[in-house]
Each structure stands twice: as structure tokens, then as C-alpha cells.
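Structure first, then comments.
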Amino acid sequence: MQGAGEEERRASIPPRVVAWFAQNARDLPWRRPGFSAWGVLVSEIMLQQTPVARVIPRLEQWLDRWPTPDALAADSPAEAVRAWQSLGYPRRALALHAAAMAISERHAGVVPDDMDALLALPGIGDYTARAVAAFAYGRPVPVVDVNTRRVLARAVHGQGEAGPARTRADLAAMQELLPSDPTEAQAFNAGAMELGQTVCVARSPRCEACPIAELCAWRAAGYPAYTGPAAPRQARYEGSDRQVRGLIMRALRHSDGPVPAEAIELLWPDAVQRERALAGLLRDGLAVGAPETGYRLPD
DNA sequence: AAGGCGTGGGT
DNA sequence: TACCCAAGCCT
């Protein structure tokens, strides 16, 4: 049993990551001094399954146009979906608009700072609620995203991959390491994510640049191949309903008036799949209309 | 609780 | 070229 040495090794991880982050944090919009809680919330929604580089320009445009929840709530869902452009998963734009409405109506236009109120907002799940609480309000709650999970899997557990998400266990592991000082906790939350995103990447990790390489359990074990349960793989996109939905949404975004049913038909040859995709969009509230009237974004 | 849900860059 | 991957959420 190497309990004492193991505890010491783990305890060394957070301060190293925090020190590394202080020197290596990228200059990102949401790290600017005075960046609003609303800005943090918008950025976190945009960053759900979308790379940083694609989010930055869209985020700045969005906040220029809608600098507060009230401003967005006063505009239409259609405008939100249009401004989302091709960021992907446009249901996020719809949810963000609905969240702005809820913040405007239920929270006097102020982004909530507690987990329960945040979780009650559409499009905000466990990760995003924690991220807003931690990064917008400095709450010392553990924040665990896919990058942090990979860092913990490797450095702490000696596994090359994180495997399927296990939220409770992942949060407990992060909580174990989280510094008690709120400022340090915030830096460790952000630093672990940054490390996973820029150094401890999924493929070809750059261990020579890693601040905790000599503390890393995976490295110490000789980088054993991962043999645990595999994370679920995302379905093929080409030819999928998602692709058809994407084509229809693009047509709706780019049209001033309703898009005629005949125009929709030209977007995809397979009628069954096309109708299924359209029905899904209607059900999701991303499109409204009927065959006779044509289809448009929700007002 | 497994699978649906966009899009585009990297290898 | 195909496939992988990305600050998840929802049902």
C-alpha cells in the first residue's frame, strides 16, 4: 500500500495546474476582466459540443447585439436561430432564447448564481450550471467537462481514456482535488479544462509540455492501452436525419418569408426521410408552418 | 439510459 | 479517404 505517496502525488496536482494556468491561459473572451455572467452563460451554451475557435466570432456578434438577457428576450426566437448561423445544434439557440425569457421574467434579468435556479433553465444541464456558478460567480463547485475527465483519467487513475461519463464519480474525483480557496478552485477548474484541451489532448498528447507529467499515473505506468468500457460513438452524419434537418434549417435561416413545401422537397430526394426530418423540426419548435403555408422559423 | 441532435477542422 | 473529435442536453 502506497497510500501516503499516492496522496502526496495527487495533492501536488492542483497547485501545479494552477501555476501552469496562470502562465499559459489563452486570452479568450470569457476570461476578460468584467466579462458578464450573461456572457459566460452564452459562451457555455455555444461551447456545448462546439470547439472554441468556432465559438469566438459568433459569441462576440451575439453579445454586441444582445448584451443582456432582457435584450435577447425582447427579440424573437427566429432571430436567435438566425444569429446562431451554422454553429450546429440549433436547438441550443432556441433554448438560449427561452432561458433569456425565463431570466427576464423570473430573475429580474439577472443570471442566477445558484445551481437549482440555473438547472431549471432550458438548455442548462449539470455541466453548464456548474460552469456558470464557478466561472461567472466564483463558486468553488467542481466543474467537469470532457477535457477534465481525460486529465483525471490519465493523471489520477492511470487510464488512457476517460470512457463513458460517470457524472457522480467524475464530480467526486474532481471534488477530491479541488482547492478550498475559491480563487484557487476557479483556477483549477479552468486550468484542468485548458490542460486537457491544449496539452493532454485525446490523440497525440503533448506530454513534454505538461506541467504534471512527472505526477501522471498513466505516464508512470508506461502509457498502457485503454481497455475499459468504450465511450459511445456518434452516429454517421452523412445521409442521416441530422444532415437533412441541417439542410432544412439552413433554408429556413436564409429565407425572409416562408419556405414553400416544394422548395423543401428539393433539399432531399428521399421523401420518407425528408418528412421525418421536417416533422422532427416542427416537434422541436425549430420550425413552424404547414404544407399549404410553407415553413419558417418560430416567431 | 442509450441514442438523437449540426457542423467543420484535424489526421 | 474515412473517421475522430469537440466547455452536453434531453428524452
Side-chain angles (χ1 to χ4, degrees), chain A residues 21 25-26 28-31 39-59 81 84-96 98-99 118-136 141-151 161-168 170-171 174 186 189-198 200-206 226 229-253 273 276-277 279-281 283-287:
Chain A
F21 185 63
R26 291 168 298 173
L28 300 173
W30 44 92
R31 293 176 183 162
V40 171
L41 173 50
V42 174
S43 75
E44 291 297 345
I45 301 281
M46 288 186 171
L47 286 162
Q48 289 169 4
Q49 297 286 279
T50 305
V52 167
R54 288 181 54 206
V55 163
I56 290 174
R58 200 69 63 247
L59 175 68
V81 172
W84 200 257
Q85 299 183 35
S86 62
L87 261 189
Y89 293 146
R91 54 174 54 169
R92 292 182 294 169
L94 210 53
L96 183 51
L118 287 164
L119 283 171
L121 297 172
I124 296 191
D126 187 73
Y127 164 77
T128 303
R130 290 173 179 280
V132 171
F135 301 137
V141 295
V143 182
V144 178
D145 78 331
V146 64
N147 297 301
T148 298
R149 293 199 332 106
R150 185 171 51 250
V151 169
E161 298 176 21
R166 294 167 51 229
T167 305
R168 293 187 67 104
D170 297 336
L171 284 172
M174 189 62 176
Q186 185 176 31
N189 276 321
M193 293 169 64
E194 182 92 340
L195 187 62
Q197 194 177 138
T198 63
C200 192
V201 294
R203 285 177 294 183
S204 309
R206 303 168 43 233
Y226 177 72
R233 294 181 43 177
Q234 106 181 344
R236 161 183 212 82
Y237 179 68
E238 196 67 27
S240 68
D241 286 9
R242 294 160 74 186
Q243 183 181 17
V244 184
R245 287 170 59 110
L247 290 170
I248 296 173
M249 286 304 295
R250 184 173 56 153
L252 300 191
R253 283 199 308 271
Q273 190 178 22
R276 190 169 62 226
L281 292 173
R283 179 194 60 224
D284 292 346
L286 282 164

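No hydrogens, no waters, no symmetry mates; every other heavy atom, side chains included, goes into these values.
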Notebook entry, point to check: Using a cut-off of 4.0 Å on non-hydrogen atoms, how would the nucleic acid contact of A/V146 be classed: base, sugar-phosphate, or nothing?
Noted result: sugar-phosphate
Next item on the list: Could you tell me the separation between the CG atom of A/D126 and the C1' atom of C/dC10, rounded to a whole number of Å?
Entry: 14 Å
Next item on the list: By nearest nucleotide on DNA chain C, pick out whichever of A/I124 and A/R31 is the more 5' one.
Entry: A/R31
Check: With respect to the phosphate group of B/dG6, does any side-chain polar atom (N or O) of A/R253 fall under 4.0 Å of OP1 or OP2?
Finding: no
Next item on the list: Provide, to the nearest angstrom, the distance between the CG atom belonging to A/D145 and the P atom belonging to C/dC9.
Entry: 10 Å
Check: Is atom CZ of A/R31 surrounded by more than 12 heavy atoms (other residues, nucleotides or ligands) closer than 6.0 Å?
Finding: yes
Notebook entry, point to check: Touch check for A/I45, heavy atoms < 4.0 angstrom, all strands: base, sugar-phosphate only, or nothing?
Noted result: nothing
Notebook entry, point to check: For A/R250, which contact category applies under a 4.0 Å heavy-atom criterion: base, sugar-phosphate, or nothing?
Noted result: nothing
Next item on the list: Round to a whole Å and report the spacing from CZ of A/R283 to C1' of C/dT11.
Entry: 10 Å
Next item on the list: Assign A/T128 to base, sugar-phosphate, or nothing according to its heavy-atom contacts below 4.0 angstrom with the strands shown.
Entry: sugar-phosphate
Check: Would you call A/E161 and A/R150 a salt bridge, using N to O less than 4.0 angstrom?
Finding: no
Note to self: Do A/N147 and A/L195 make a side-chain contact, defined as non-hydrogen atoms from C-beta onward lying under 4.5 Å apart?
What the structure shows: no
Next item on the list: Could you check how far CD of A/E238 sits from C1' of C/dC3, rounded to whole Å?
Entry: 13 Å
Notebook entry, point to check: Looking only at atom P, what distance separates B/dG4 and C/dC4, rounded to whole Å?
Noted result: 16 Å
Margin query: Under 3.5 Å, is there any donor-acceptor pair linking the side chain of A/R242 to the base of B/dG4?
Written below: no
Check: P atom, B/dG8 versus C/dC9: distance in rounded Å?
Finding: 22 Å
Next item on the list: Considering just the side-chain nitrogens and oxygens of A/R91, establish if one lies under 4.0 Å of OP1 or OP2 belonging to B/dG6.
Entry: no
Next item on the list: Return yes if a side-chain donor-acceptor contact under 3.5 Å exists between A/T198 and A/R26, otherwise no.
Entry: no
Notebook entry, point to check: Once you round it to whole Å, what is the distance between P of C/dC5 and CZ of A/R150?
Noted result: 9 Å
Next item on the list: Please name the pair of heavy atoms, one in A/A131 and one in A/V40, separated by the smallest distance, quoted to 0.1 Å.
Entry: O-CG1, 4.5 Å
For nucleotides 8-11 of chain B, tabulate all protein N/O to nucleotide N/O atom pairs closer than 3.5 Å, reporting atom names and distance.
unit_1, atom_1, unit_2, atom_2, d
B/dG8, OP1, A/S86, OG, 3.4

Next item on the list: Would you kindly compare A/P232 and A/P90 by the position of their nearest DNA chain B nucleotide and give the one closer to the 5′ end?
Entry: A/P232
Next item on the list: Would you please confirm or rule out a distance under 4.0 Å between OP1 or OP2 of C/dC9 and any side-chain N or O of A/Y127?
Entry: no
Checklist line | For the student: nearest non-hydrogen atoms of A/A99 and A/P122, plus distance | finding: N-CG, 3.6 Å
Check: Over how many whole Å does the gap from A/L281 atom CG to B/dC5 atom C1' extend?
Finding: 10 Å
Check: Is the shortest distance from a Lys or Arg side-chain nitrogen in A/R130 or A/D126 to a carboxylate oxygen in the other one below 4.0 Å?
Finding: yes
Next item on the list: Rounded to the nearest angstrom, tell me the gap between atom CG in A/L252 and atom C1' in B/dG6.
Entry: 14 Å
Notebook entry, point to check: If you count the non-hydrogen atoms of other residues, nucleotides and ligands that lie under 6.0 Å from CZ in A/R233, is the total more than 12?
Noted result: no
Check: Using a cut-off of less than 4.0 Å, is there contact between a side-chain N or O of A/Q49 and OP1 or OP2 of C/dG8?
Finding: yes
Notebook entry, point to check: Under 4.0 angstrom, heavy atoms only, what part of the nucleic acid is A/D284 near: base, sugar-phosphate, or nothing?
Noted result: nothing
Next item on the list: Provide, to the nearest angstrom, the distance between the CZ atom belonging to A/R233 and the P atom belonging to B/dG3.
Entry: 13 Å
